[in-house]
Amino acid sequence: MTTRIARPGDSLTRAQLSVDYLDLLQRRRPPGDVQLARFGVNGDFAHNLAQRLDAVVADPPDVITVLIGTNDARASLAGYPVERAMKRKQLPERPSAGWFQQCLGAVVERLRTQTDATIALLSLPVLGQQLDGAAAQASQAYSRMIAEVATTNKTAYLPLHERQTEELRQANPPPIPYRNPTPAASISVLARRALLRRSLDTISRRRGLVLTTDHIHQNSRGAALIAEVIDTWLPTRSA
């Protein structure tokens with residue numbers, strides 16, 4: 001029997017700038033075992049996701065795995081262009097930890113009340129690769145908030161941040177400082193893929209990054225860990 005899975009999220013799920021973890025997840029399962037629906041929008045905050053759940057609930061799946069909050073965490077960092085993001089994503093208020101939890105709670109509440117799906121919240125991928133740096137600490141703090149929302153709403157919590165932290169500790173990568181990707185940098189990545197035929201893994205390797213291409217978007221190793229934590233949970237979703 002095929003399990004229908006909906007994947008609401010941001011650019012990590014849309015997979016224009018990241019390796020496609022949905023494809024990797026499908027490869028880990030037997031043929032026909034899962035049917036995946038993608039609901040990823042570049043740059044989305046938890047507020048944006050809360051406003052666009054109509055497509056998810058219109059054709060309710062069996063399982064919904066939510067990966068959102070990376071941009072909320074990034075907005076807490078010094079130097080992030082908050083005002084520009086607020087205008088571009090039409091945010092009604094300045095991003096904050098409290099508002100993130102409120103919006104994520106609203107996402108879970110609507111999915112619980114308007115579908116019969118089994119719901120899971122993933123913690124965030126690690127921002128950057130310096131675990132003691134401000135970016136990684138922000139992704140850890142927001143992941144703890146996700147865990148709190150999952151506990152409050154009696155929803156499954158999938159420990160992606162913890163798994164990536166473990167991977168980085170084992171890799172012991174060079175201490176490359178976190179840099180917030182600019183729109184121009186994102187366009188450059190797309191151009192290198194389209195015009196120069198460079199893979200995201202090649203871009204990542206040349207930059208000395210272990211799990212990402214630009215401290216945020218996932219290379220094959222990072223995306224494989226997202227697929228892994230979802231795949232590990234799926235067989236026990238009804239427990």
Side-chain angles (χ1 to χ4, degrees), residues 2-29 32-75 85 88-92 95 99-125 139 142-143 145-146 149-150 153 155-158 160-161 186 190 200 212 216-218 222-231 233-234 237:
T2 299
T3 300
R4 298 170 61 244
I5 306 174
R7 288 293 305 125
D10 50 30
S11 60
L12 302 179
T13 299
R14 188 173 181 186
Q16 286 182 312
L17 298 166
S18 281
V19 171
D20 189 356
Y21 71 85
L22 293 181
D23 177 60
L24 298 181
L25 173 61
Q26 195 145 34
R27 293 184 192 182
R28 293 175 67 99
R29 311 294 295 187
D33 186 67
V34 294
Q35 178 182 332
L36 305 175
R38 187 192 311 272
F39 298 93
V41 175
N42 293 351
D44 261 12
F45 289 72
H47 166 78
N48 301 117
L49 180 58
Q51 305 305 306
R52 60 174 180 85
L53 293 174
D54 288 354
V56 179
V57 303
D59 185 19
D62 304 305
V63 173
I64 302 172
T65 55
V66 180
L67 177 53
I68 196 72
T70 290
N71 294 307
D72 295 86
R74 291 172 61 202
R88 178 170 54 89
K89 300 303 295 186
Q90 298 182 333
L91 302 180
W99 192 41
F100 167 70
Q101 287 181 287
Q102 178 184 337
C103 292
L104 184 59
V107 168
V108 175
E109 177 65 17
R110 184 172 182 196
L111 294 177
R112 286 184 61 193
T113 58
Q114 298 189 17
T115 78
D116 293 323
T118 300
I119 302 166
L121 304 181
L122 283 85
S123 56
L124 303 182
S139 58
Y142 275 72
S143 292
M145 296 176 211
I146 293 170
V149 172
N153 291 276
T155 300
Y157 170 79
L158 307 188
L160 172 60
H161 191 276
S186 297
L190 293 174
L200 291 174
T212 70
I216 296 171
H217 299 99
Q218 306 294 289
L225 294 176
I226 303 177
E228 175 190 304
V229 296
I230 298 173
D231 182 48
W233 168 75
L234 277 174
R237 64 186 181 276

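Count residues from 1 along the sequence. Small disclaimer: the values here were computed from a predicted structure and weren't measured.
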Looking at [atom1] of [X] and [atom2] of [Y], how far apart are the two atoms once the value is rounded to the nearest 0.5 Å?
X    : Y    : atom1 : atom2 : result
Q26  : L36  : CD    : CG    : 4.5 Å
L225 : H161 : CG    : NE2   : 12.5 Å
I5   : L25  : CD1   : CG    : 5.5 Å
L200 : Q16  : CG    : CD    : 11.0 Å
L17  : N42  : CG    : CG    : 6.0 Å
S143 : L124 : OG    : CG    : 4.0 Å

Quick one: side chain to side chain donor-acceptor pair (under 3.5 Å) partners of [X], sequence neighbours excluded?
X    : result
R112 : none
T212 : none
D116 : none
Y21  : R7, T13

Sorted by chain and number, sequence neighbours left out, ring-ring contact (aromatic ring centres under 6.0 Å, His included) with F45 holds for none
Closest heavy-atom contact between [X] and [Y]?
X    : Y    : value
A46  : F100 : CB-CD1, 3.6 Å
L49  : G9   : CD1-N, 4.4 Å
Q218 : P125 : NE2-CB, 3.6 Å
H47  : Q90  : NE2-O, 4.2 Å
V19  : A223 : O-CB, 3.6 Å
C103 : A50  : O-CB, 4.2 Å

Just jot down the side chain to side chain contact (heavy atoms under 4.5 Å, CB included) partners of [X], sequence neighbours excluded, or say none.
X    : result
A156 : A120, W233
Q102 : W99
V229 : L122, L160, R163
V57  : R110, L111, Q114, T115

According to salt bridge (charged side-chain N to carboxylate O under 4.0 Å, His left out), who are the partners of R88, at least two apart in sequence or on a separate chain? none
With a 4.5 Å heavy-atom cut-off, do [X] and [Y] have their side chains touching?
X    : Y    : answer
S11  : H217 : yes
N48  : V41  : no
L121 : L158 : no
V107 : P8   : no
I64  : V66  : yes
V63  : T3   : yes

Look only at the side chain of D10 and the backbone of L12, and say whether a donor-acceptor pair between them is shorter than 3.5 Å. yes
May I ask you to decide whether R4 forms a salt bridge with D62, counting only side-chain N to carboxylate O separations under 4.0 Å? no
Can you pull out every salt bridge (charged side-chain N to carboxylate O under 4.0 Å, His left out) where at least one residue sits in residues 33-50? Sequence neighbours excluded, please. D20-R38, R29-D33, D44-R52, D44-K89
